[in-house]
Participant: 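Mind having a look at this structure? Questions to follow.
Values below: every heavy atom of this structure, side chains too, minus hydrogens, waters and symmetry copies.
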Amino acid sequence: MFLYLRKNEEGKIVETPQDLFKRVAHNIAASEKIYNPLLTDDEVFRIEEEFFKLMANLEFLPNSPTLMNAGNSLQQLSACFVLPVDDSLESIFDAVKKAALIHKSGGGTGFSFSRLRAQGSIVQSTRGVASGPVSFMRVFDAATNEIKQGGRRRGANMGILRVDHPDILEFIVCKEEGGITNFNLSVAATDRFMKAVLEDKDYSLIDPHTGKRAGKQRARQVFGKIVEEAWKTGDPGLFFIDRTNGGPANPVPSMGPIESTNPCGEQPLYPNESCNLGSINLVNFLKKNDFDWEALRGVVRLAVRFLDDVVEANPYPLEEVRQATLLNRRIGLGVMGWADALFSLEIPYESREAQKLAEKLMRFIHNEAHFESRNLAKVRGPFPNFSKSIYKNGPALRNATLTTIAPTGSISIIAGASSGIEPAFALAFKHKANGRELTFVNPYFLAAAKKYRLSAKQIREVEEAGVLGEIKNLPPKLRQVFATAHEISPEGHIRMQAAFQKGVDNAVSKTVNLRHDVGVEEVEKAYLLAYKLGCLGITVFRDGCRSEQVLYAGVKPNLAQKVSPATPLLVKERPRKAVGATYRVETPVGTAFVTINANGDNQPLEVFVNVGK
């Protein structure tokens with residue numbers, strides 16, 4: 001939370017959490033006068049108060065850039081961006097520069113590298129030989145290494161390559177070969193490819209420069225390599241590109257096709273488009289053995305209004321992003337605290353009852369969000385591309401998409417809720433980051449332990465192990481309800497994702513967490529099931545497959561040092577004077593010089609990219 005609070009020039013925190021919510025509410029509510037200049041100051045203040053209570057009560061929180069930047073000098077409010085990468089040096093290095101500017105403002109970027117010609121192709125203008133998409137991804141990765149998002153978070157990227165690109169095998173294994181550490185990777189799997197996998201047939205590779213057939217591959221062999229690498233490194237995931245373009249995530253087909261997503265995969269976007277996200281804290285709407293649907297209805301509608309105001313309040317880091325975003329006014333309202341809600345309701349995560357409730361819940365949020373967007377369209381007008389959209393024959397909508405399930409890593413910590421729709425990683429765990437080690441014990445487990453009269457010894461065993469595991473003499477109900485991520489089968493993970501996807505316009509961020517001893521065949525089954533059940537994508541993570549893992553199940557009292565999460569990282573405001581630094585990066589076409597103008601704490605302010613010989 002303290003990383004989000006305003007600081008003075010000496011780095012001292014000068015804002016309380018309540019002040020933060022007031023700052024954000026005041027800034028976002030000011031957009032109301034854009035739509036209705038006749039609103040009085042008292043009327044705007046009333047809306048501001050509603051927005052403040054929405055956040056201060058932890059019923060809803062917008063994405064991190066909105067909390068960090070609203071009302072501050074930066075004012076960049078979006079979390080998700082997709083930038084185009086066309087088959088020219090100008091486009092490639094323009095994208096590097098634009099990504100750097102977005103990263104320093106707190107946003108994440110997604111790229112499709114599918115338009116870049118294959119390695120070994122002739123470049124007609126120079127008679128040289130193309131080095132292929134993966135070589136240029138290393139340039140993006142090197143630049144990202146030098147950029148911190150507003151001095152607070154490392155830049156994040158999504159890299160996507162179509163499965164029919166001639167360099168697909170090099171892309172699949174590029175993480176195993178080292179480097180490219182600032183990218184999540186996904187293979188854009190077409191329906192034709194998936195059909196060939198299921199039928200064990202060949203499929204064609206397509207030269208992106210000519211559009212002509214450039215060879216063939218055995219689909220099952222390529223698919224097998226994808227799942228093998230995902231088992232080894234967690235990458236690549238699969239992005240079902242045809243399914244995405246055939247549904248509401250592609251609301252204006254003439255602007256498409258969709259080629260990429262944001263870094264965590266939940267937000268498919270057109271080139272240069274951005275999206276503003278926010279999530280509802282589900283545990284605040286529990287009522288006896290159900291949700292308080294009427295209270296939830298009110299918060300959904302107010303959250304949609306809030307996010308539509310964010311679209312207007314956002315200055316956008318690039319003019320082309322502003323133009324593309326305002327055409328569709330995408331927003332993404334999702335949820336967090338799902339695992340906590342199931343704990344409270346005593347419903348096992350891996351149960352048909354939980355899946356049915358997930359589908360009912362998300363369809364309810366979807367319908368109420370669309371209802372409010374129609375109301376806003378009556379007053380504020382529909383999104384400019386409405387007449388070209390898949391909704392053109394129905395009631396006008398203010399926003400082309402409305403629902404998204406994001407991972408909510410940071411804001412779920414602020415809300416004291418479990419992340420997104422993920423099951424609990426552990427009932428007690430350590431989090432290592434920035435040289436600190438934090439420990440957590442799940443409060444819902446502690447409450448249940450009291451209810452079911454667990455002994456102090458049993459509670460201590462659970463805290464040390466992090467899971468119920470093989471601990472003896474536990475009530476069967478407790479063991480079912482408090483199953484953690486690695487105790488839930490891959491099928492259970494995917495069926496939950498598919499249930500939520502039925503009420504989502506965009507996509508769902510969901511990681512299928514696997515035990516370390518799970519075999520490659522389980523990854524293969526998971527990827528095929530995700531396609532079968534209608535998911536737009538899938539990501540797996542096998543415990544311990546990466547050295548940079550930050551979550552560790554269990555709290556060993558003699559090893560874990562409890563450190564307060566309130567310890568701030570001091571971040572100064574933009575100074576009056578800046579200093580410059582130039583980084584030299586070897587690229588396939590010569591040396592790239594990345595110049596970063598920074599303040600005294602080496603926080604980037606401006607970025608320039610030049611390519612030499």
Participant: Ring centroid separation for H486 and F425, is it under 6.0 angstrom?
Facilitator: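 Distance test on ring centres: under 6.0 Å, yes.
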Participant: Is E259 paired with R162 through a side-chain N to carboxylate O contact shorter than 4.0 Å?
Facilitator: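 Salt bridge flag = no for E259 with R162.
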Participant: Main chain of G211, side chain of D207: is a donor-acceptor contact present, judged purely on distance under 3.5 Å?
Facilitator: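 The answer is no, because no donor-acceptor pair under 3.5 Å joins these two groups.
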Participant: Just by distance, no angles: are the side chains of S91 and D94 close enough, under 3.5 Å, to form a donor-acceptor pair?
Facilitator: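 No pair is found: no donor N or O on one side chain lies under 3.5 Å from an acceptor on the other.
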Participant: I'd like to know if the side chain of K175 and the backbone of V173 have a donor-acceptor N/O pair within less than 3.5 Å.
Facilitator: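 Checked: no pair found.
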Participant: Quick one, L161 and P133 - any side-chain contact, counting heavy atoms below 4.5 Å?
Facilitator: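 Answer yes - side chains close enough.
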Participant: Does S78 offer a backbone N or O that forms a donor-acceptor pair with the side chain of Q76 under 3.5 Å?
Facilitator: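 Side chain of Q76 to backbone of S78, a donor-acceptor pair under 3.5 Å: yes, one is there.
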Participant: Going through the distances and angles, do T408 and S419 end up as a side chain to side chain contact (heavy atoms under 4.5 Å, CB included)?
Facilitator: CA-CA 6 Å; T408 72; S419 177; 3.7 Å; yes
Participant: Taking the side chain as every heavy atom from C-beta outward, state whether T404 and V508 have any pair of such atoms under 4.5 Å apart.
Facilitator: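 No, too far: nothing below the 4.5 Å cut-off.
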Participant: Would you confirm whether T233, through its side chain, and E176, through its main-chain N or O, come within 3.5 Å as a donor-acceptor pair?
Facilitator: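 Not at all, since once roles are kept as given, no pair shorter than 3.5 Å links the two residues.
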Participant: Look at R117 together with D87 and state whether they make a salt bridge at an N to O cut-off of under 4.0 Å.
Facilitator: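 Looking at D87 together with R117, the answer is yes, because their closest N to O distance falls below 4.0 Å.
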Participant: Do F171 and F113 have ring centroids that are under 6.0 Å from one another?
Facilitator: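 Not under 6.0 Å, so no.
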Participant: Using only heavy-atom distances, determine whether the side chains of Q217 and D164 contain a donor-acceptor pair under 3.5 Å.
Facilitator: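 No, no side-chain donor-acceptor contact under 3.5 Å.
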Participant: If you measure only the distance, is there a donor-acceptor pair under 3.5 Å linking the side chains of T190 and D242?
Facilitator: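 No.
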Participant: For the atom pair NZ (K510) and CD1 (I405), what is the distance rounded to the nearest 0.5 Å?
Facilitator: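 K510 NZ to I405 CD1: 11.5 Å, rounded to 0.5 Å.
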Participant: Quick one: does P490's side chain get under 4.5 Å of L514's, heavy atoms only?
Facilitator: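 The answer is yes, as the side chains (C-beta and beyond) meet within the 4.5 Å cut-off.
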Participant: Mind checking whether Y527 and F223 have parallel, tilted or perpendicular rings, split at 30° and 60°?
Facilitator: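 Aromatic pair Y527/F223 classed perpendicular.
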Participant: Is R23 salt-bridged to E15, going by a charged N under 4.0 Å from an acidic O?
Facilitator: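 So R23 pairs with E15 through a salt bridge.
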Participant: Does N262 reach the main-chain N or O of E266 with its side chain, forming a donor-acceptor pair under 3.5 Å?
Facilitator: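 At least one qualifying donor-acceptor pair exists.
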Participant: Ignoring hydrogens and geometry, is there a side-chain-to-backbone donor-acceptor pair from Q119 to S135 under 3.5 Å?
Facilitator: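 Judged by distance alone, no pair lies under 3.5 Å.
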Participant: State, with a plain yes or no, whether a side-chain heavy atom of V321 is found less than 4.5 Å away from one of E273.
Facilitator: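 No, too far: nothing below the 4.5 Å cut-off.
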Participant: Which heavy-atom pair separates N63 from A79 by the least distance, and what is that distance?
Facilitator: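 Smallest interatomic distance, heavy atoms only, reads OD1-CB, 3.5 Å.
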Participant: Could you tell me if the side chain of H516 sits less than 4.5 Å from the side chain of R542, heavy atoms only?
Facilitator: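 Yes - at least one pair of side-chain heavy atoms lies under 4.5 Å apart.
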Participant: Check whether the side chains of N157 and H103 place a donor and an acceptor atom closer than 3.5 Å, and report yes or no.
Facilitator: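 On atom types as modelled, these side chains qualify, holding a pair under 3.5 Å.
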Participant: Pairing donors with acceptors under 3.5 angstrom, does anything connect the side chains of Y270 and N328?
Facilitator: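 On atom types as modelled, these side chains do not qualify, holding no pair under 3.5 Å.
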Participant: With a 6.0 Å cut-off (strictly less than), is the heavy-atom count around CZ of R115, excluding the residue itself, greater than 12?
Facilitator: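 No.
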Participant: Do N145 and N182 meet the criterion of a side-chain donor-acceptor pair at a distance under 3.5 Å?
Facilitator: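 The answer is yes; a qualifying pair exists.
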Participant: Kindly say whether L74 contributes a backbone atom to a donor-acceptor pair with the side chain of N72 at under 3.5 angstrom?
Facilitator: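 A pair under 3.5 Å: no.
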Participant: Search all heavy atoms of L116 against all heavy atoms of P208 and return the closest pair with its distance.
Facilitator: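 What the structure gives for the nearest pair is O-CG, 3.3 Å.
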Participant: Any idea which heavy atoms bring P62 and I411 closest together, and the distance?
Facilitator: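 In terms of heavy atoms, the two residues are closest at O-CG2, 3.5 Å.
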Participant: May I ask you to decide if L77's main-chain N or O and T66's side chain share a donor-acceptor pair within less than 3.5 Å?
Facilitator: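 Present.
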Participant: Have a look at R330 and tell me which of N506, D505, T325 forms a side chain to side chain donor-acceptor pair (under 3.5 Å) with it.
Facilitator: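 Looking at N506, D505, T325, the match for R330 under the side chain to side chain donor-acceptor pair (under 3.5 Å) is N506.
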Participant: Relative to the ring of F183, is the ring of F111 parallel (under 30°), tilted (30 to 60°) or perpendicular (over 60°)?
Facilitator: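 If you compare the ring of F111 with that of F183, the planes turn out tilted.
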Participant: Answer yes or no: is there a donor N or O on one side and an acceptor on the other, between the side chain of W231 and the main chain of I226, under 3.5 Å?
Facilitator: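 No, because the side chain of W231 does not come within donor-acceptor range (under 3.5 Å) of the backbone of I226.
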Participant: Return yes if a side-chain donor-acceptor contact under 3.5 Å exists between D191 and Y531, otherwise no.
Facilitator: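 Side chains of D191 and Y531: pair found under 3.5 Å.
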Participant: Donor-acceptor check, side chain of T210 to backbone of K212, threshold 3.5 angstrom: yes or no?
Facilitator: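 Yes.
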Participant: Can you find a heavy atom in the side chain of I331 that is under 4.5 Å from one in the side chain of T401?
Facilitator: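 No, too far: nothing below the 4.5 Å cut-off.
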Participant: Compare every heavy atom of G234 with every heavy atom of C545, then report the nearest pair and how far apart it is.
Facilitator: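 Taking C545 first and G234 second, the nearest heavy atoms are SG-N, 3.9 Å.
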